[in-house]
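Taking it in order: structure first as structure tokens, then the write-up.
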Amino acid sequence: GRRHAVITRTDAGKLRRVRAAKPAVVSVYLPIPVDLAEHRALDTRARELIKSAASREPRAGGAQVRETDIESVAEAVAAHSDEWLGRTAAFFACAEIGLFETIPLPGHLTEQGMVSDRPYIRPLLIAMQRNPGYRAALVDTQHAWILTITDDQIETVAERTDRGVRSPAFAGWYGLEAYRIQQRIMQLSRQHFRDTISILERSANGEHNPIVLGGHENELSQFVAALPRTIRQSVAGSFSVDLHTATPGRVRELARPVLDRWSEQEEARLVDEVLNEPPNRSVTTELGGCLAASRARAVAQLILPDDHLVPGFACDDCGALSSTAEDCDCPDPAEACHPVPDLLDELASRTLDDGGVVTSVRNPPFTAAARLRFPLATAAAG
């Protein structure tokens, strides 16, 4: 099977479209310790997670996991765990449909095993959401260094170092020699800030990824004051660093806690906004309302708690998702509806299929919530 270095939306989309005729698809999320001494039992732990998940599979016939799939995952763990220190390795296996994917995800996710008729994607979505690609702008009154950072990949977009040094990426950005020497240094630094802002605007490529700023506090505050509103809204925060001693690896290390705080604040703000909006017109904060909205293709944004599973049912005839088999409107729900191990994962996949957004949040006061594209005809009970 293929092994990805960085997870992309395309990878996640391909996994979402994979289906087996029966619950035989194995999904495993395994945090990999930094300490190599703790790796000895990891392959055994992977086997345990799969077997435990298979025993929980709710269909009458039970899960039909092949021993070869269990061993494929365990062997991949044993062979490659030392390449994924401090990450979470995701495995998706089903020999019956020719599926074997290994994806090292950034960050630490809860260990989990799932067996279903398709890959379990919610932890994958969480990893992508909380580890976005971002730009780091290191700025003082004379120098600037702009990087794009995506997981382990770091690329220099542009840099302005000493006078006369030309950037291959943006020739002509160095205009210091064009200014008369007697001009005041503040005038130069203001122009330097404007030039840097211009590069930030030009390097956005239409994306709204966060920006993390680095430098000395007093100079950064001057720079932030000069930022236009559109860029300021993307600033996730800042850290202190000396531009003369900074390295790309150190920048990424200092940016990580800034992004973690920003991510947590953004999630808390989203929960507050949803709870304060009029219910059943623009939002629903009940699982029943989310299920009804999904069926009506009315979910613009689905908001789900981390690490919370809700068993439920999916109808093979009409595609409806429901909490109980009786909630299905088909003529013969007992025949058409099959149990699913996590209704929230099914909701997430359906929302993405319909062009909506899925956001995970920490410890919200609801099982599921949704922002709606249009009001539902009737308010569904949760």
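A quick note: this is a predicted structure, and the numbers were derived from the prediction, not measured.
Nearest approach of Ser81 to Leu42, heavy atoms of both residues: CB-CD1, 4.0 Å. The heavy-atom pair separating Thr196 from Ala144 by the smallest distance is OG1-CB, 3.7 Å. Ser203 and Val157 get closest at one heavy-atom pair: CB-CG1, 3.6 Å. The nearest pair of heavy atoms linking Leu254 to Val258 is O-CG2, 3.7 Å. Scanning both residues, Ala79 and Asp82, for their nearest heavy atoms gives O-OD1, 4.0 Å. Nearest approach of Ala369 to Val274, heavy atoms of both residues: CB-CG1, 4.0 Å.
Two residues are said to be in side-chain contact when any heavy atoms from C-beta on lie closer than 4.5 Å; Leu321 and Arg350 meet this criterion. The closest side-chain heavy-atom distance from Leu105 to Pro123 is not below 4.5 Å. The shortest side-chain heavy-atom distance between Val361 and Asp306 does not fall under the 4.5 Å cut-off. The shortest side-chain heavy-atom distance between Leu49 and Gln112 does not fall under the 4.5 Å cut-off. Taking 4.5 Å as the limit, some side-chain heavy atom of His308 sits within range of a side-chain heavy atom of Thr367. Side-chain contact between Ser282 and Arg371 is absent, with no heavy-atom pair separated by less than 4.5 Å. The shortest distance between side-chain heavy atoms of His39 and Pro33 falls below 4.5 Å. Using a 4.5 Å heavy-atom threshold, the side chains of Cys290 and Leu347 count as touching.
Between Lys51 and Glu48, no side-chain nitrogen of the basic residue sits less than 4.0 Å from a carboxylate oxygen of the acidic one, so the salt-bridge criterion is not met. Salt-bridge annotation for Asp345 and Arg118: present, with a side-chain N of the basic residue lying under 4.0 Å from a carboxylate O of the acidic one. For Glu264 and Arg261, the salt-bridge test fails: no basic side-chain N is under 4.0 Å from an acidic carboxylate O.
Proximity of a side-chain donor or acceptor of Ser234 to a complementary backbone N or O of Ile211 within less than 3.5 Å is not detected. Formation of a donor-acceptor pair under 3.5 Å by the Asn131 side chain with backbone atoms of Ala127 is found in this model. Thr156 places no side-chain N or O within 3.5 Å of a backbone atom of Ala158 that could act as its donor or acceptor partner. At distances below 3.5 Å, not a single donor-acceptor pair connects side-chain atoms of Thr150 with backbone N or O atoms of Gln153. Judged purely by atom type and a 3.5 angstrom limit, His192 has no side-chain atom pairing as donor or acceptor with the backbone of Arg160. No donor-acceptor distance shorter than 3.5 angstrom exists from the side chain of Thr110 to the backbone of Asp307, with no hydrogens or angles considered. Although no hydrogens or angles enter the test, the distance criterion places no donor-acceptor pair under 3.5 Å between the side chain of Asp342 and the main chain of Pro311.
Between the side chains of Ser360 and Arg122, not a single donor N or O lies within less than 3.5 Å of an accepting N or O. Of the N and O atoms on the side chains of Ser263 and Glu267, at least one donor lies less than 3.5 Å from an acceptor on the other residue. The closest side-chain donor-acceptor pair between Asn218 and Gln222, if any, does not fall under 3.5 angstrom. In this structure, a donor-acceptor pair under 3.5 Å is present between the side chains of Thr359 and Gln301. Using a 3.5 Å distance cut-off with no hydrogens or angles, the side chains of His216 and Glu219 do not pair a donor with an acceptor.
Once rounded to the nearest 0.5 Å, the distance linking CG of Leu138 with OG of Ser238 reads 11.0 Å. Taking CZ of Phe239 as the start and CG of Leu220 as the end, the distance is 8.5 Å to the nearest 0.5 Å. If you take CZ on Phe91 and NE2 on His80, they are separated by 8.5 Å, rounding to the nearest 0.5 Å. Atom CD of Glu71 sits about 8.5 Å away from atom CD1 of Ile50, to the nearest 0.5 Å. Taking CZ of Arg194 as the start and CZ of Arg190 as the end, the distance is 7.0 Å to the nearest 0.5 Å. Leu227 CG to Gln233 CD: the interatomic distance, rounded to the nearest 0.5 Å, is 11.5 Å.
The residue from Arg295, Arg297, Arg16 that alone fulfils the salt bridge (Lys or Arg N to Asp or Glu O under 4.0 Å) condition with Asp354 is Arg297.
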Taking only distance into account, with no hydrogens and no angle test, what donor-acceptor pairs under 3.5 Å do side-chain atoms of residues 22-32 form with protein atoms, sequence neighbours excluded?
{"unit_1": "Lys22", "atom_1": "NZ", "unit_2": "Gln64", "atom_2": "OE1", "d": "3.3"}
{"unit_1": "Ser27", "atom_1": "OG", "unit_2": "Tyr120", "atom_2": "N", "d": "2.9"}
{"unit_1": "Tyr29", "atom_1": "OH", "unit_2": "Tyr120", "atom_2": "O", "d": "2.6"}

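The same ILVMFWY cluster, assembled from side-chain heavy atoms under 4.5 Å apart, contains both Val235 and Phe193. Grouping the Ile, Leu, Val, Met, Phe, Trp and Tyr side chains by contacts below 4.5 angstrom, directly or via other members, places Leu291 apart from Val357. Follow the hydrophobic side-chain contacts under 4.5 Å out from Phe313 and you never reach Leu287; the two are in separate clusters.
Around the CZ atom of Arg19, the shell of radius 6.0 Å holds more than 12 heavy atoms that belong to other residues, nucleotides or ligands. The number of heavy-atom neighbours closer than 6.0 Å to CG of Asn363, taken from other residues, nucleotides and ligands shown, is 12 or below.
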**Request:** List the steps and the verdict of side chain to side chain contact (heavy atoms under 4.5 Å, CB included) for Leu147 and Glu155.
**Result:** CA-CA 6 Å; Leu147 308 171; Glu155 184 186 341; over 6 Å; no
**Request:** Give the C-alpha distance, both sets of side-chain angles, the deciding distance and a yes or no for side chain to side chain contact (heavy atoms under 4.5 Å, CB included) between Leu36 and Leu85.
**Result:** CA-CA 8 Å; Leu36 287 169; Leu85 304 183; 3.9 Å; yes
**side-chain hydrogen bond (donor to acceptor under 3.5 Å, both in side chains) between Ser52 and Arg56, worked out** = CA-CA 7 Å; Ser52 172; Arg56 294 193 311 270; 3.0 Å; yes
**Item:** side chain to side chain contact (heavy atoms under 4.5 Å, CB included) evaluation trace for Ile103 with Leu15
**Value:** CA-CA 11 Å; Ile103 307 174; Leu15 277 170; 3.9 Å; yes
**Request:** Begin with the C-alpha distance, continue with both residues' side-chain angles, and end with the deciding distance and a verdict on side chain to side chain contact (heavy atoms under 4.5 Å, CB included) for Asp140 and Phe223.
**Result:** CA-CA 8 Å; Asp140 64 17; Phe223 181 68; over 6 Å; no
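Aromatic pair His143/His244: ring centres closer than 6.0 Å.
When the salt bridge (charged side-chain N to carboxylate O under 4.0 Å, His left out) test is applied to Asp43, the partners found at least two apart in sequence or on another chain are Arg47.
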